Amino acid sequence: MEALPLQKAGSESEVSGHSFSGGGGGGGPEERGSSAYFGWVYHIGFNSIGHEYCHLRFLFIRRKYVELYKRDPHENPGIKPIRRGVVGPSLMVEELGRRKVNHGDIYVLRIYNRLDDSKKGEIACATAGEVRKWMEAFDHAKQQAEYELSRGGNPREKLNMEEEINLDGHRHRVRRYAHGLRKLIKIGQGPETLLHHSTNLNTHVGSDGFFEKDFGDALERHRWKCVRTFNGVRIFEDVADNKSGKGVLVKSVGVVDAHADTVFDIILNSDWKQRYEWDTLISDMELVEAYHGHYDILYGTNYPTHLSQSQGKRDFVFSRQWFRGQDGTYTILQIPCVHKKKPHRSGYRRTWINPSTWEIRCLNTSMGSKVPKCLVTQILEIQPAGWSKWQRHHPSKFEKSVPYALLCQVAGLKEYALANPSLNYEPWPTIVHSKTSDVSGTNGNYDDRGTQDEFYDAMAAASSSSSEDDSDNDKEVGNKDLKVKLKNVSWAIAGFSSKQSSAVDANKELDHSIAPIVLDTCQIKGSLQKGGVDTDTNCWTSPGGAGFMIRGKNYLKDNSKVTGGDPLLNLIAVDWFKVVKSYDGIALHPQNLVQSEAGKKLPFVLIINLQVPAKPNYSMVMYYSADRPVNKSSLLGKFVDGNDMYRDSRFKLIPSIVEGYWMVKRAVGTKACLLGKAVKCKYLRQDNFLEIDVDIGSSTVARSVIGIVLGYVTSLVVDLAILIEAKEEEELPEYILGTVRLNRVRLDSAVTLEK
């Protein structure tokens, strides 16, 4: 692969998207306020002779149309795109994490068609923040396309018909792309300003919601007490009577004057020139090995200048695993480990670094302030004996220990951000008001009749060689049948407030005109037994909704959340299966309980099939029953009988680790997740049931998290709540569909399910 210097788009812009309703929800985007998104990305892949390439390209997204250029079309009027098409309902975009290319780190997005995996390609950005913004831009385009498709009719004909209706006859056909645009939103600053500074971190956008309480949607059992403050950073100890951890939990918390994306990049960056300015523990750090973009192993050293307790030099080997939640919060797990490439080194004392986590969350800034802020929390585990000794007898010695040096990293980040105002360069949107003539010249005579209805950036299929990809005479890809689908990340607003509870209006969601049936659960049993008391193991119970926070009646006005009430549906059984590969349509199995005589008599059953990737694979199947039929005009009725796009935009799960190792709790989190936006979900509506097959293995991040959970599963108590997200005022307050508590489940207890 030819060595090209990695160039970094600079400050990124905040993109204000529109509010949409999917499928049965009605409504749609306001086309008169449509926006265009543009900026520089990396186009990476392999050509037909197997050579890898990484080219700088200009990406333009106008409504549902996507174009890729070799040069900025604003500066080169008349240039034609080398890739172009329309975002379609099968487009998926998956974040693959960091990857090293040409001796530099980039963040990769995989674009593929979920119906045809042979059609795939990759683009990349210089920062994690730009990745997030591009995913939002693709989602905006997808929702525009979905809204047009929701009007009914054949998808291809419907898109073409909609374009013809909006066409001004006296204009060139291409001008339809700009018709109705109100603003252009720029992502990144382009390559020209940072040609030689691929490690500078200048990405900033606006901030997400912040409330000075717990941030999750499930109640946690920590009791954090402030035990020390220094340099604006607070040190806390978890004083709760919690015996699930292996040691004492302490954390440092500070507000850093930088965006969460920037702080995340700083922490992951191993360059000594930058790390020397804020990290008091590790003198030098090198990457040992990296895996799947979200996991790496590092080797670091420390010289005994400040840690005078130690004699001689220290070195560390530790792993890092990171995720970004749907609310934009970053979580980084750091765990000590061993690696064959880094045996004990002569002259160094190998030190077992404390297990720790980083959590980086954007904060709201005051009116008129242009400086982004984020809340940085570092949690670490300390041996109880040592912590107690430091607290009671030798507090001064604690300041010369490895745990203290770790806690000081938050203070180092805080001061580093203050000393480098360039980190806060251009935090607000770059908006260019568009004129039709400004954009029309960039496309030439674009006849959309030849355009495919779904966009696929054909990095592998369109280039026969790296030289062909660089040529100014690249052929257009309009004659390819290219399909794409975006796997999107939806951004939840963090809110936490009232202590009221949300009661379910069963009269509204279920058909009250029909008398309820009496559920005889003795006739319905799953392969996983139902528990009796809290001490039971390898079983399930239904914990109720009081441990979860959901959207209240006034959520659209004040973001207030309330404690959940009793679930609408009853959990009647749980199956725990071992399968060769992911099993869809499990309700159709002749031995499934909904195929039994008792199951067929139930008015409605919601089946959640959580497909767990492992060796072998597993399926945790939960069955929720109603005592009346579903009211078809209710929110539940629209979800049950709606289309998949609508279901993906509404199906929500809230996790909570009630008991278990603290680091597993931090990895899983307690934030609500729109499952249809995070992983692949398939829906099967037949007879008296709706089955939702959740493919956890379809997401790299979800697969990593479930891998951590499986390592501790026999010691975990896990609560899950499922619900339909309320987006309109008449749908509020939210209610919980169903809950489940899984008590210390054993993998070897899974029953083999044969097809």
Side-chain angles (χ1 to χ4, degrees), residues 210-255 281 318 321 323 325 329-336 352-361 375-395 397-399 401-411 413 494 496 534 547-549 654-671 705 708-709 711-712 715-719 744:
F210 166 64
F211 293 81
E212 186 61 39
K213 288 187 179 182
D214 289 334
F215 298 98
D217 293 315
L219 303 180
E220 296 192 85
R221 300 187 178 185
H222 295 293
R223 292 179 59 194
W224 294 106
K225 182 181 184 300
C226 184
V227 295
R228 185 173 300 189
T229 61
F230 65 93
N231 295 335
V233 173
R234 295 172 292 167
I235 305 296
F236 292 82
E237 177 187 0
D238 183 11
V239 297
D241 184 18
N242 192 338
K243 299 180 181 180
S244 60
K246 296 181 179 180
V248 175
L249 295 185
V250 296
K251 71 176 182 179
S252 57
V253 182
V255 176
L281 176 63
F318 60 96
Q321 196 166 359
F323 328 101
T329 298
Y330 291 98
T331 300
I332 306 173
L333 312 180
Q334 296 184 166
I335 305 173
W352 201 247
I353 199 168
N354 298 72
S356 62
T357 65
W358 292 91
E359 293 177 7
I360 311 154
R361 184 185 309 272
L375 187 72
V376 180
T377 302
Q378 188 179 29
I379 304 176
L380 64 142
E381 181 181 327
I382 300 178
Q383 292 299 321
W387 175 250
S388 176
K389 183 178 180 180
W390 288 324
Q391 274 192 314
R392 297 177 184 177
H393 307 294
H394 305 287
K397 291 186 178 180
F398 179 57
E399 298 180 3
S401 65
V402 170
Y404 184 79
L406 285 169
L407 293 171
C408 285
Q409 288 177 326
V410 175
L413 284 169
F496 212 91
D534 291 341
F548 302 95
M549 302 298 294
I654 305 175
S656 175
I657 305 294
V658 179
E659 294 182 21
Y661 185 40
W662 71 274
M663 189 164 282
V664 181
K665 292 184 178 182
R666 309 321 297 184
V668 173
T670 56
K671 285 298 297 179
V705 173
I708 296 173
V709 171
Y712 294 86
S715 62
L716 299 180
V717 177
V718 182
D719 281 3
R744 303 173 184 86

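Since the model is a prediction, treat every value here as computed from it, not as a measurement.
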Glu381 side, atom CD; Met663 side, atom CE - distance, nearest 0.5 Å: 7.5 Å

Measure the spacing between CD1 of Ile379 and CG of Leu333 and express it to the nearest 0.5 Å. 10.5 Å

Hey, what do you get for CG (Leu406) to CG (Leu281), rounding to the nearest 0.5 Å? 5.0 Å

Taking the side chain as everything from C-beta on, heavy atoms only, tell me whether Trp358 gets closer than 4.5 Å to Leu413. yes

Going by the side-chain hydrogen bond (donor to acceptor under 3.5 Å, both in side chains) test, name the single residue among Gln409, Glu359, Lys251 that passes it with Gln378. Gln409

Determine the sole option in Val717, Val668, Val718, Asp719 for which the side-chain contact (heavy atoms from CB on, under 4.5 Å) test with Ser656 is passed. Asp719

Which pair of non-hydrogen atoms, one from Leu716 and one from Gly660, has the smallest distance, and what is that distance? CD2-CA, 3.5 Å

Could you tell me the separation between the CZ atom of Arg666 and the CD1 atom of Ile708, rounded to the nearest 0.5 Å? 13.0 Å

Gap between atom CD of Gln334 and atom CD of Gln321 - 0.5 Å precision: 12.0 Å

For the student: nearest non-hydrogen atoms of Val250 and Ile382, plus distance: CG2-CD1, 3.5 Å

Just how far is it from atom CH2 of Trp662 to atom CG of Leu380, taken to the nearest 0.5 Å? 7.0 Å

With a 4.5 Å limit on heavy-atom distance, are the side chains of Phe318 and Ser356 in contact? no

Are any of the side-chain heavy atoms of Thr670 and Asp217 separated by less than 4.5 Å? no

With a 4.5 Å heavy-atom cut-off, do Val410 and Val253 have their side chains touching? no

Taking all heavy atoms of Pro655 and all of Ala218, pick out the closest pair and write down the distance. O-CB, 3.8 Å

